[in-house]
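Here the structure comes first, spelled out in structure tokens, and everything after it is commentary.
Sequence lines set the chain letters: A, B, ... in the order given, protein chains first and strands last, and positions in each chain run from 1.
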Amino acid sequence: MKYKSIRGTRDILPEEARKRQYLEKVAREIFQKYGYEEIRTPIFEVTELFQRSIGDDTDIVTKEMYTFLDKKGRSLTLRPEGTAGIIRTVIENNLYRQKRITRLYYLGPMYRYERPQKGRQREFYQIGAELIGPDNPASDIEIITLTLELFHVLGLKNLTLYLNSVGCPRCRARYRESLKDYFKDKIKMMCTDCHNRYSLNPMRILDCKEDGDRVYIEKSPKIFDYLCQDCQEQFEKVKEYLHFLKIDYTLDPYMVRGLDYYTKAAFEIKYEGLGAQDTLAAGGRYDRLVRDLGGPDLPAVGFALGVERVMEVIDKEKISLPSGVQTDVYVATLGEEALKESIKLIRELRHENLKVLNDFNPTSLKAQLRQADKWKAKFTLIIGEEELSGKRATVRNMSTGGQETVPFSELKGYLLRNCS
RNA sequence: GUGGGUGUAGCUCAAUGGUAGAGCACAUGGUUGUGGUCCAUGUGGUUGCGGGUUCAAUUCCCGUCAUCCACCCCA
């Protein structure tokens, strides 16, 4: 085969597209209910936007971006996530001035140059939302409950909500120092990856999965003890509200965000048994991003979910989605004249919003009925010489097998009555 | 970026150092014009691509591409 879809990209074939449409429909309904409006931003932006927001030292920026020069030599990048572009447009279009609170949602493809594996493609779809303006922990709760409701409506079970606070740059700096201090004499016993993490980003050590290293990590300082008063209070409130709403969560002091803009409360929703990439959705607060990108000093919270991963769970849990669509009428013809008559009939029936299908090179009636069956037709019209001369059609009810003869002039009414 | 597994018909998969087979799907017939079941017959593959070893490679070796799993990282 000469041409193939490129590495890490996939075609979404009709069957999957149908399932995705359903997921999107559910998401849109929930967003609508919460007052979030859709926003669509370009797939590519200037590279600097992502460097500034996600962070120059993050893996995403240093090795995972699709970056290219355009014909004028400007450095552009395919978006690796959705938040940066949205904050850019919120600032650029002064959206935050129109209402006290800006609630936006988005869905679309994201691009990261990573090694593909289960639940991880180079082109992948995210659905996400941003809540810009409030800093009250109740707004964190809105994002978390919205995410949970989405999964609940889809019928997903066995999900776990993980919660952590990543603090603000101030408490993070203090925490980082204490970690360096703690690991100073232990790092030589740990894996080589951790050696690098130690000098680059000590908080990443907490994410290490080496059993030998876990021993040290478990006794390491916890970020909870290093949060500044502001971050501390915010985190306590979030936990209090979750408790108040009887939403179960697991504290995960080792949860580390891969995007630098996150502050304070951060959360992840995981599904056990998906493999290594088991985070279905993640999000958190990013109070400094709007200002860092040149906007006003506005706090914000948001989340994003990975569409492919959610689809994976829907399949795994055998969640039945609305079944494939039926066809109202299949038109089977015998002979050139009948085919000609059928194109007129089909047109008329489609004007009545009936779903009508046919074969353009009809062969035997048997083959056509087989097609009708494949398309799950409710009725098949049979038009041959007999019918043609009498200006009527044989109408076969595909579920009962019963047949009636109906004049062409009455077909519309007959089918409309029986197809509803 | 690193390590390992896999790549054969549209799909799911067999097989063999002597140029490939099943099930499903598709087509035709059994029924002059009647589907979903059944029976019969048939179409369909340069065995991912390139190179090497060999009289002979789909099989062994190397490379490459893709995919899967894990690391890394993340949604």
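Contacts between residues 152-163 of chain A and RNA chain B, defined by a heavy-atom separation under 4.0 Å, are absent. Scanning residues 301-317 of chain A for heavy-atom distances under 4.0 Å to RNA chain B yields A/A304, A/G306, A/R309.
Cation-pi contact between A/R122 and A/Y113: present, with separation from the ring centre below 6.0 Å and deviation from the ring axis of at most 45°.
Between A/R10 and A/E64, the residue anchored nearer the 5' end of RNA chain B, judged by the nucleotide with its closest heavy atom, is A/R10. Position along RNA chain B of the nearest nucleotide to A/Y125 versus A/Q277 favours A/Q277 as the more 5'-ward residue.
Atom OH of A/Y66 is surrounded by more than 12 heavy atoms from other residues, nucleotides or ligands within 6.0 Å.
A search for side chain to side chain donor-acceptor pair (under 3.5 Å) contacts involving A/Y216 returns nothing, not counting sequence neighbours. The side chain to side chain donor-acceptor pair (under 3.5 Å) check on A/Q117 picks up A/R120, with sequence neighbours excluded. Scored by the side chain to side chain contact (heavy atoms under 4.5 Å, CB included) test, A/N93 finds A/T89, A/L95 as partners (sequence neighbours excluded). With sequence neighbours left out, A/D70 forms a side chain to side chain donor-acceptor pair (under 3.5 Å) with A/R74. Taking the ring-ring contact (aromatic ring centres under 6.0 Å, His included) definition, one finds that A/F267 meets it with nothing, sequence neighbours left out. For A/Y414, the side chain to side chain donor-acceptor pair (under 3.5 Å) partners are A/E404, not counting sequence neighbours.
Among the atoms of the strands shown, none is found under 4.0 Å from any heavy atom of A/G128. Using a 4.0 Å heavy-atom criterion, one finds that A/G8 contacts the sugar-phosphate atoms exclusively. Residue A/A282 is classed as a sugar-phosphate contact, given heavy-atom separations below 4.0 Å to backbone atoms only.
Comment: A/E308 engages A/R20 in a salt bridge, judged by a side-chain N to carboxylate O separation of less than 4.0 angstrom.
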Under-3.5 Å N/O pairs linking protein and nucleotides 2-4 of chain B:
unit_1 : atom_1 : unit_2 : atom_2 : d
B/U2   : O4     : A/R115 : NH1    : 2.4

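Here A/K63 does not reach the OP1 or OP2 of B/G1: none of its side-chain N or O atoms lies under 4.0 Å away.
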Next on the checklist: What does the B/S/- profile of nucleotides 28-39 of chain B look like, 5' to 3', with a 4.0 Å heavy-atom cutoff to protein?
Outcome noted: S-B--BBBB---
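Evaluation of atom-type donor-acceptor distances gives a pair under 3.5 Å for the side chain of A/R120 against the base of B/C72.
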For residues 125-138 of chain A, tabulate all N or O donor-acceptor pairs below 3.5 Å that involve a side-chain atom, not counting sequence neighbours.
unit_1 : atom_1 : unit_2 : atom_2 : d
A/E130 : OE1    : A/Y286 : OH     : 2.4
A/E130 : OE2    : A/T83  : OG1    : 2.8
A/N136 : OD1    : A/A138 : N      : 2.8

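Residues A/E336 and A/K340 have side chains not in contact (no heavy-atom distance under 4.5 Å, counting atoms from C-beta outward).
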Item to check | Intra- and inter-strand pairs of RNA chain B in dot-bracket (Watson-Crick or G-U wobble, both distances under 3.5 Å; | for another strand) | outcome: (((((((..((((....[..)))).(((((.......))))).....(((((..]....))))))))))))....
